[in-house]
Amino acid sequence: MKDVLDRFEEVAENPQTCAFEWKKETGRPVVGTFCSYAPEEIIYAAGALPYRMLGTGGAKGYSDAYLQSYCCSVVKNTLDDLLSGELDFLDGAVFPHTCDSVQRLSDIFRLNMKNSFHLDAVLPAKLDTPSAAHYMKSVLERLAGDLEERLDTRVTKQDLTDAVLVFNRIRNGLRTLADAGMDNRINITAGELHTISRGVTAMDPAEAADLLDRLCTFIQPKAEPGSGPSKRIGLTGSVCGVPSVYETIEQAGGRVVLDDFCTTERYTDFAVDESADPLPAIAARYLKKADCPCKHSSLYSRGERIVEKAEKRGVKGVIFLLLKFCDPHAFDYPYIRDMLELKGIKSMVFELDDEQSVHAQFRTRCEAFMEML
Amino acid sequence: MATPDEKKIKADKRLREIMTEYYIEAKTPKEQTGKKIAWITSGGPVEPLHAMDVIPIYPENYGAMCGAAKMSTELCEKAEEMGYSSDLCSYARGDIASAAVNGGPIGGLPEPDMLICCNNICGTVLKWYQVLARYFDVPLFVLDTPVCHTGYEKETDIYVRHQIGEYVAFLEAVCGRSFDYDRMDEVGTLSVKAQKLWQKVLDTTVNKPAPMTCFDAFFHLAMIVTLRGTQTAVDYYELLLEEMNDRICKGISKVEPERYRLIWDNLPVWYKMRWFSDKFGAHNAGFVADTYTSGWCGTLPYLDENDFLGSMAESYTRIFLNTGIDHMADNIVKMVEKYDADGVVFHSNRSCKPYSFGQYDIQRIVGEKTGTPCLMIEADMCDERKFSETQVETRIDAFIEML
Amino acid sequence: MITAGIDIGSTTAKGAILKDGHIEAVTVMSTGYDPKGAAETVFQTLLEKAGLDRKDLEAVVSTGYGRKNVGFAGRSVTEITCHAAGARLLSPTAATIVDIGGQDSKVIVLDSTGKVADFTMNDKCAAGTGRFLEVMASALQIDLASLAEFSARADATVAISSVCTVFAESEVISLISKGEKRENIIAGIHAAIGSRIVSMAGRVKARPPYIMTGGVALNRGVVRVLEERFQSDVTVPELAQVNGAVGAALIAADRNG
Ligand code: SF4
Ligand code: SF4
């Protein structure tokens with residue numbers, strides 16, 4: 001098991017190097033993407049490695065000449081990576097529609113990328129109407145066509161079906177592991193799960209699927225007894241690249257049993273229908289997967305999902321990790337907090353300045369929160 | 001030199017009257033007016049509401065009023081108490097709080113019967129209207145207008161057109177009667193008329209000296225936002241246009257002598273309008289145009305007077321905030337040429353990310369293409385706590401020295 | 001039973017020894033740059049004051065920002081929980097504790113049994129903390145301790161609109177150069193802190209009776225602003241500064257008892 005975990009960690013820690021090596025070995029293109037709504041299946045079907053740009057951090061400062069100080073660190077760090085030349089290995093980038101900041105990031109990328117193509121996949125913001133569903137499908141068809149042109153290739157139905165199978169395996173594997181980890185049926189911490197999910201974003205999908213399958217063989221049928229006195233904690237909020245929060249929560253006496261971040265729960269939710277025509281099936285998945293606050297479906301969908309999962313997993317308290325200047329999540333926080341409160345689930349909100357570095361106060365707050373529960 | 005009295009724009013008075021009447025009607029109990037109320041985003045399609053005799057209410061217009069009355073900061077603080085981050089758009093924070101405590105100069109807006117949200121200006125409005133829909137528990141219609149980064153695609157047109165149909169059906173359901181297509185044609189014609197007049201009003205500042213500044217335009221904008229599609233708006237802008245032409249004949253301007261002609265980008269700083277106008281005025285600099293007020297007539301080329309409903313999809317989707325930043329930069333370049341401007345002032349607005357992010361690239365493009373000096377000022381349109389007078393003052397002085 | 005609580009804050013280190021629920025000794029000193037050393041000194045002073053020896057103590061709990069630096073403590077508990085515990089002894093009726101220290105400020109809401117029901121802390125920004133007052137005092141070139149005195153003489157409150165400490169500092173400087181009275185500016189500074197705290201309090205549904213602890217509680221000007229904004233009395237307990245340390249000592253006893 002250790003070698004598999006090590007491999008995920010290696011990629012999670014050096015995503016750029018790993019993607020670049022993949023490119024050298026296979027001679028195939030790498031396409032950068034943003035957000036859990038990027039239709040990776042299509043990019044992979046077009047023969048490229050979908051590489052999720054999450055920003056490596058380190059406040060390189062290049063982006064300060066392009067973006068104001070009141071921009072979230074995910075966007076700033078990603079632009080830093082581009083401007084510092086670290087993303088020069090990309091053959092192109094695909095930006096799906098998400099929040100306002102990413103719309104502008106996409107424009108800035110388009111104007112400042114060198115020698116690589118740029119595509120917008122302006123997905124619908126609304127997910128709950130037939131016209132939006134139809135539009136979703138058309139946008140994906142256009143994207144497939146654009147990719148064919150840019151990568152000088154053909155995307156056949158078979159390519160799409162193959163890609164769907166691989167990504168279904170990945171998401172299914174991640175989900176199975178997460179469930180098992182949280183029920184104590186496998187010796188994997190929430191922090192390790194997070195690392196795995198980060199590794200998946202920059203790895204050959206086929207390799208990722210195989211590794212996940214291997215990990216799943218270690219799952220025990222029954223839960224290990226005695227998880228100790230730890231308090232069961234749920235995590236939600238903006239996309240999160242800070243494994244150290246898991247450690248801090250554990251040291252404070254908490255156990256993460258619900259992880260609703262963008263690279264975990266919101267990424268793995270819902271499989272593509274393998275028996276249907278692949279492109280419409282892919283479109284259908286992006287309409288139905290756990291929604292992110294940039295999208296509009298029902299008014300309470302996110303709150304309901306989080307409350308339901310929290311109750312199912314016996315969560316005592318929920319920690320909202322909000323990234324500073326992330327508007328979509330900041331708008332959703334008060335109502336979800338209230339919904340949890342109605343169910344007697346306490347919550348705490350913590351604002352992160354930069355995903356990559358957690359302020360010392362977080363420790364104190366976590367400890368106080370555990371003491372309160 | 002014109003006297004202070006001559007410098008005043010006479011139509012101001014009429015505008016105040018109309019806006020007062022408008023808010024009085026809106027605040028009159030519904031049993032008396034028999035009209036339903038819709039809250040709608042500033043870039044939203046208001047014409048079908050007028051066609052259905054629904055009173056449109058613009059929280060953003062009210063946000064501007066609160067800001068100008070320096071009442072926003074308090075409301076923003078209230079929203080923060082409710083759990084909303086202080087980094088969110090101050091219109092949204094102010095409105096969410098005002099709904100809860102009936103705040104602001106007219107003691108809160110009349111409660112809505114429906115909510116109309118069009119995301120052609122930002123994603124913030126989508127979140128904001130979701131909050132409102134939960135709070136008031138009334139039907140919400142979302143008009144989803146995909147961003148046109150590089151162009152207007154066919155599938156976008158199909159999608160938005162389809163939604164215009166859904167919008168009509170939504171109104172029929174909420175109002176309980178069928179849509180009046182004949183009325184819609186009339187309203188559409190009036191809307192196009194008002195937009196053309198507004199464009200003409202804005203064009204008068206091509207004249208040297210300009211008969212008004214953008215600070216006047218920010219004020220006179222109220223009508224094109226809230227009442228386009230009505231005869232009132234058409235009449236008003238005819239009056240205003242006449243007055244502007246008269247001022248041109250008489251050579252009256254706000255800034256005398258007008259030494260520098262500037263362009264303003266982004267929303268105004270509502271609580272500091274006077275201050276900015278005086279500050280620049282003292283250097284004989286006047287703002288002859290801005291990117292904000294022209295936003296309400298910028299899509300005229302896509303509108304078809306004879307098929308308003310049919311052309312709504314394209315015209316509402318292609319408003320400048322919903323395009324790529326290179327397109328936004330070109331818009332400014334054209335303005336610099338058209339108005340023969342000497343400089344561009346960018347308001348980097350902490351509230352409005354879609355309008356502000358990209359300004360550095362825009363500044364670069366404008367500088368390269370026109371050679372005009374640019375100034376970036378950081379503030380917030382309503383939240384006074386985000387404004388540092390001393391810092392901004394120094395920058396303005398240095399900028400003027402550069403011109 | 002005899003227990004001790006050691007509270008290592010960013011500016012001051014505090015300690016308390018309790019014997020069967022009664023306070024035997026308390027002490028306050030500056031933390032300086034050596035939290036470990038400060039903890040040791042506080043402990044020694046306490047023992048001397050109480051006339052006790054180390055081995056007389058059955059348990060020691062550390063708290064505060066430097067709580068992990070207290071090697072001799074059996075365990076550490078956050079200042080939030082300790083403040084709640086301290087209030088149970090020192091101000092048993094309190095429902096809300098406003099604690100404004102040097103680097104951070106907190107609002108702690110207690111349930112009917114005196115346990116923490118909810119809490120919040122300032123974000124990274126220093127507005128609403130003792131640090132904010134320090135910066136402003138130095139911009140005005142007056143002693144931190146005399147801020148309250150000055151604000152008491154104010155005949156108006158000058159609005160300080162900026163929330164960021166750096167902005168507010170330049171705002172204050174420009175107000176001085178405009179000839180505003182220092183008294184009135186200080187009243188404005190206190191009002192600005194008040195706004196921050198009230199907004200934090202709103203987020204956790206704070207309710208009266210209020211008590212205030214932490215170094216800034218010594219500034220009557222801030223307390224008065226909070227009373228106005230909360231429209232309620234805000235009591236500063238006599239032992240406000242050692243409230244957290246007392247709480248830690250109580251918690252130490254609870255574990256054993
Ligand atoms: S963290 Fe929030 S603001 Fe930043 S890119 Fe993600 S959704 Fe957008
Ligand atoms: S100011 Fe900007 S963010 Fe706020 S509602 Fe208007 S467009 Fe949206």
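Each chain gets a letter, A, B and so on, in the order the sequences are listed, and its residues count up from 1.
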(message) A side-chain contact here means heavy atoms from C-beta on lying under 4.5 Å apart; do B:Phe357 and A:Leu105 qualify?
(response) no

(message) To check you understand the geometry: which heavy-atom pair defines the closest contact between B:Leu126 and A:Ala125, and what is its length?
(response) CD2-CB, 4.3 Å

(request) Please name the pair of heavy atoms, one in A:Asp100 and one in B:Gly123, separated by the smallest distance, quoted to 0.1 Å. (result) OD1-N, 2.6 Å

(request) Under 4.5 Å, counting heavy-atom pairs only, tell me which of B:Gln130, B:Arg350, B:Arg134 racks up the most with chain A. (result) B:Arg134

(request) Mind ranking A:Ser138, A:Ser69, A:Cys71 by heavy-atom pairs under 4.5 Å with chain B and telling me who comes out on top? (result) A:Cys71

(request) First locate atom OG1 of B:Thr145, then atom NZ of A:Lys126, and finally report the distance between them rounded to the nearest 0.5 Å. (result) 10.0 Å

(request) Would you mind checking which part of A:Ser106 comes under 4.5 Å of any heavy atom in chain B, side chain (CB onward), backbone (N, CA, C, O), both or neither? (result) side chain

(request) Tell me, out of A:Tyr300, A:Tyr333, A:Phe95, A:Phe331, who's got the most heavy-atom pairs with chain B below 4.5 Å. (result) A:Phe331

(message) Is any side-chain heavy atom of A:Glu351 closer than 4.5 Å to one of B:Asp87?
(response) yes

(request) Would you verify whether the NZ or CZ of A:Lys137 falls within 45 degrees of the ring axis of B:Tyr159 while also being under 6.0 Å from that six-membered ring's centre? (result) no

(request) Identify the two heavy atoms, one from A:Gln68 and one from B:Tyr360, that lie closest to each other, and give their separation to 0.1 Å. (result) N-CE1, 3.8 Å

(request) Supply the atom-to-atom distance A:Leu111 CG to B:Ile365 CD1, rounded to the nearest 0.5 angstrom. (result) 5.5 Å

(request) Locate the shortest heavy-atom distance separating B:Lys353 from A:Phe325; write the atom from each residue and the value. (result) CE-O, 3.7 Å

(message) Heavy-atom cut-off 4.5 Å, strictly under: side chain, backbone, both or neither for A:His296 against chain B?
(response) both

(request) May I ask you to check whether over 12 heavy atoms, not counting those of A:Glu304, lie within 6.0 Å of atom CD? (result) yes

(request) With a 4.5 angstrom heavy-atom cut-off, could you sort out which part of A:Asp327 is near chain B: side chain, backbone, both or neither? (result) both

(request) Output all residues satisfying side-chain hydrogen bond (donor to acceptor under 3.5 Å, both in side chains) with B:Glu153, sequence neighbours left out; order by chain, then residue number. (result) A:Arg142

(request) Measure A:Leu67 against the heavy atoms of chain B and call it side chain, backbone, both or neither at under 4.5 Å. (result) both

(request) Examine whether an atom of B:Arg93 lies under 4.5 Å from a heavy atom of chain A, and if so say whether it belongs to the side chain, the backbone or both; otherwise answer neither. (result) neither

(message) For a 4.5 angstrom cut-off between non-hydrogen side-chain atoms, does A:Tyr135 reach B:Ile158?
(response) no

(message) Within this structure, what is the OG1-NE2 distance for the pair B:Thr150 and A:His118, rounded to the nearest 0.5 Å?
(response) 8.5 Å

(request) For B:Leu140 and A:Leu299, run side chain to side chain contact (heavy atoms under 4.5 Å, CB included): C-alpha distance rounded to whole Å, both residues' side-chain angles, the deciding distance at 0.1 Å, then the answer. (result) CA-CA 10 Å; B:Leu140 162 69; A:Leu299 287 175; 4.1 Å; yes

(request) Select one option (side chain, backbone, both, neither) describing which atoms of A:Asp128 are under 4.5 Å from chain B's heavy atoms. (result) neither

(message) Given heavy-atom pairs under 4.5 angstrom as the criterion, report whether the side chain, backbone, both or neither of A:Pro130 touches chain B.
(response) neither

(request) With a 4.5 angstrom heavy-atom cut-off, could you sort out which part of B:Val131 is near chain A: side chain, backbone, both or neither? (result) side chain

(request) Sort A:Asn112 into side chain, backbone, both or neither according to what part of it lies under 4.5 angstrom from a heavy atom of chain B. (result) side chain

(message) Looking at every non-hydrogen atom in both residues, tell me the closest pair between B:Asn349 and A:Tyr70 and how far apart they are.
(response) N-OH, 3.3 Å

(request) Output all residues satisfying side-chain hydrogen bond (donor to acceptor under 3.5 Å, both in side chains) with A:Thr236, sequence neighbours left out; order by chain, then residue number. (result) A:Asp260

(request) Using non-hydrogen atoms and a 4.5 Å limit, figure out which bit of B:Ile121 sits close to chain A: side chain, backbone, both or neither. (result) neither

(request) Check each atom of B:Thr323 against the heavy atoms of chain A and say whether the ones under 4.5 Å are side chain, backbone, both or neither. (result) backbone

(request) Give, for atom CD1 of B:Ile325 and atom CD1 of A:Ile108, the distance between the pair rounded to the nearest 0.5 Å. (result) 5.0 Å

(message) Please give me the minimum heavy-atom distance between B:Lys127 and A:Pro328, naming the atom from each residue.
(response) CE-O, 3.6 Å

(request) Counting only heavy atoms closer than 4.5 Å, note whether A:Tyr335 contacts chain B via side chain, backbone, both or neither. (result) side chain

(message) Please tell me whether B:Glu166 and A:Ser131 have a donor and an acceptor in their side chains that are separated by less than 3.5 angstrom.
(response) yes

(message) Looking at chain A, which one of B:Ser348, B:Gly358, B:Cys89 has the largest number of heavy-atom pairs inside 4.5 Å, strictly under?
(response) B:Ser348

(message) Taking side chain as everything from C-beta outward and backbone as N, CA, C, O, which of these in A:Cys99 sits under 4.5 Å from a heavy atom of chain B? Side chain, backbone, both or neither.
(response) neither

(request) To the nearest 0.5 Å, tell me how far A:Thr129 OG1 sits from B:His162 NE2. (result) 8.0 Å

(request) Rounded to the nearest 0.5 Å, what's the gap from CZ on A:Arg104 to NE2 on B:His149? Could you check? (result) 7.5 Å

